[in-house]
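We name chains A, B, ... by the order of the sequence lines, and we start the count at 1 in each one. Values in this document were obtained by computation on a predicted structure and should not be read as measured data.
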Amino acid sequence: MIDTKELKSRYDEIKKNIADRYMNVDLDAIIAIQDERYKVLQETEALRAKRNETAAKMKGKLDADARAALIEEGKSIKTELAEKEARLSTLDQEFNEAARTIPNYASPDAPVGKEDKDSLAIKFVGEPPKFNFKAKDHVELGESLDLLDFDSGAKVSGQKFYYIKNKAVILQMALERYAMDIVVKHGFTPFITPDIAKEEILNGIGFNPRGEESNIYTIEGTGTCLVGTAEITLGGYYSNMIIPKEKLPIKMTGLSHCFRREAGGAGQYSKGLYRVHQFSKLEMFIYCTPEESEKFHKEILSIEEEIFSGLNIAYRIVDTATGDLGAPAYRKFDIEAWMPGRGENGEYGEVTSTSNCTDYQARSLNIRYKDDDGKTRFVHMLNGTAVALSRAMVAIMENYQREDGSIDIPKALIPYCGFDRIEK
RNA sequence: GGAGAGAUGUCCGAGAGGUCGAAGGAGACGGACUCGAAAUCCGUUGUAGUGCCUAGCAUUACCGAGGGUUCGAAUCCCUCUCUCUCCGCCA
């Protein structure tokens, strides 16, 4: 969350930010709760001081009457204090829940706008392939080459689950290694992370584990959830810790399964592997000082480009509009790869996303570092997709298809696959 | 899953209802001694919050987490989490 001490001093800025993001947050109501909370906090602390004072008077020897009087006084303070504390804890909870709904400050450089189409495509790389035949989509390719089995996925696990089969399995593993090698080359420490995380971590990262719109599967009765991304587990790794400054930046990359409910996510643009309940993803994560976060955000983006351009797939970079930013994000860049089977004649589809969340997550998760002046400050936290395997598979299968229905393996992946084509 | 032991400040470690924000030691920092260093000696050394007449002062909270008992809890009781040892099960 943002620094709630700034609700009044940065009032106009916060209001504008909420409006720019087309969110519905009642800042004045939150400030009213905060004022009330401070008032009750002060009253509570005054009572506690009185209780401590009364108790302190009883340390030495006292005659019976004086002692009895003090005990009576202590008892009455205790009753009064219990009421105040109950009120305070209600207010604390209300305030925290409300404050959490305030989004992070957006970068002044992020385009202002309501939705997807207001985002700016800031760079185009590569040429979409020109086929002299009607391009198939990956679902058709996958079924005819016996690589993907959505029917069995639906039967055994439900809609939007799938089996990957045969050489597609090797291709996915090759992609994993290919991306991992690039990321590790850039100094990221590799991790395989848990696929389950506690709700408090989810909340700290900015995911809402509950409610109708939640994209998260919760595991009933355990206080835990299936992770939607390794961002959650990598970001929770240093929760409640103070990191020595010389250890920054910390660069981690984590491979995990990702589980998403995707309620209501059906339709033509969610077809096949594009939007599924479970996929694997290699995620990059950086903890750094505030001064360096914009620099590292660019670095993550450039690694994402290196991975996709190395596969020789056309893509564009999108600078996400304020209305489409997740609440924790200060700025977000997406890479959209060309997908020949998407829409009528091919379209760009999102394959990676990188966000600079500044100190928004760090404040909720209490992740700090000790600065040169000895003060502890919140770190900045950034995340970015190295490769979302299911979507990268869509892009590869569709871009590398041949007229006879076979699929070439991108040159960079051949050494990892051990074959150069998938055919019947 | 069963039985037992444990969790205290940067680290080690004492503490067993009030004299405990917490002994002692280590470390770090400052100083003395020294040409300099080591050794020795002296001193300082947690975090977060709130208020105010805001380089400060006052006050609150924090001894794994959350509850409870009590006028008063690091200390007593309950629940939970984690760590260690042994047994069981298991990839």
Identify, with sequence neighbours excluded, every residue that meets side-chain hydrogen bond (donor to acceptor under 3.5 Å, both in side chains) alongside A:Ser256.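 Listed in chain order: nothing, the list is empty.
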Do A:Tyr11 and A:Asp28 have side-chain N/O donor and acceptor atoms under 3.5 Å apart?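 Yes, because at least one side-chain N or O of A:Tyr11 sits under 3.5 Å from a partner of the opposite role on A:Asp28.
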Rounded to the nearest angstrom, tell me the gap between atom [atom1] in [X] and atom [atom2] in [N].
X: A:Glu6; N: B:G49; atom1: CD; atom2: C1'; answer: 16 Å
X: A:Glu200; N: B:U81; atom1: CD; atom2: P; answer: 13 Å
X: A:Asp92; N: B:G49; atom1: CG; atom2: P; answer: 14 Å

Hunt down any stem RNA chain B takes part in, defined as 3 or more consecutive Watson-Crick or G-U pairs whose two distances are each under 3.5 Å.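 So far as stems of 3 or more pairs are concerned, RNA chain B shows B:1-7 with B:81-87, B:10-12 with B:24-26, B:27-32 with B:40-45, B:46-52 with B:56-62, B:64-68 with B:76-80.
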Which ones in residues 79-91 of chain A lie close to RNA chain B, meaning a heavy atom under 4.0 Å from one of its atoms?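 Residues of residues 79-91 of chain A under 4.0 Å from RNA chain B: none.
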Got a list of side-chain donor-acceptor pairs under 3.5 Å for residues 411-423 of chain A, not counting sequence neighbours?
residue: A:Tyr416; atom: OH; partner: A:Asp181; partner atom: OD2; Å: 2.5
residue: A:Arg421; atom: NE; partner: A:Asp408; partner atom: OD1; Å: 2.8
residue: A:Arg421; atom: NH2; partner: A:Asp408; partner atom: OD1; Å: 3.4

Sequence neighbours excluded - ring-ring contact (aromatic ring centres under 6.0 Å, His included) pairs with any residue from residues 228-249 of chain A: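 Residue pairs with at least one partner in residues 228-249 of chain A: A:Phe191-A:Tyr237, A:Tyr238-A:Tyr287.
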Distance-only criterion, 3.5 Å: show the donor-acceptor pairs between side-chain atoms of residues 69-79 of chain A and protein atoms not counting sequence neighbours.
residue: A:Ser76; atom: OG; partner: A:Glu73; partner atom: O; Å: 3.3
residue: A:Thr79; atom: OG1; partner: A:Lys75; partner atom: O; Å: 2.9

Using the six-membered ring wherever Trp is involved, compare the ring planes of A:His277 and A:Tyr217 and label them parallel, tilted or perpendicular (cut-offs 30° and 60°).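 It falls in the perpendicular class, over 60°.
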Test side-chain contact (heavy atoms from CB on, under 4.5 Å) applied to A:Lys424 - qualifying residues, sequence neighbours left out: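 A:Ser144, A:Leu145.
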Under the side-chain contact (heavy atoms from CB on, under 4.5 Å) test, residues paired with A:Asp137 that sit two or more places apart: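 Partners of A:Asp137 under the side-chain contact (heavy atoms from CB on, under 4.5 Å) test: A:Val139, A:Glu140, A:Lys271, A:Glu398.
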Under 3.5 Å, which N/O atoms of the protein pair with N/O atoms of nucleotides 65-71 of chain B?
residue: B:C71; atom: O4'; partner: A:Ile71; partner atom: O; Å: 3.4

For A:Thr44, report the nucleic acid contact type (base, sugar-phosphate, nothing); a contact means any heavy atom under 4.0 Å.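 Counting heavy atoms under 4.0 Å across all strands, no contact is made by A:Thr44.
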Enumerate the protein-to-nucleotides 50-57 of chain B contacts in which both atoms are nitrogen or oxygen and the separation is below 3.5 Å.
residue: B:U50; atom: OP1; partner: A:Tyr38; partner atom: OH; Å: 2.9

All pairs passing salt bridge (Lys or Arg N to Asp or Glu O under 4.0 Å) where residues 192-204 of chain A contributes a residue, at least two apart: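 Every salt bridge (Lys or Arg N to Asp or Glu O under 4.0 Å) pair that includes a residue of residues 192-204 of chain A, provided the two are not neighbours, is A:Glu199-A:Arg210.
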Residues that A:Asp151 engages under salt bridge (Lys or Arg N to Asp or Glu O under 4.0 Å), provided they are two or more places apart: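 Partners of A:Asp151 under the salt bridge (Lys or Arg N to Asp or Glu O under 4.0 Å) test: none.
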Between A:Ala56 and A:Lys198, which has a closest nucleotide on RNA chain B that is more 5'?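 Final value for this comparison: A:Ala56.
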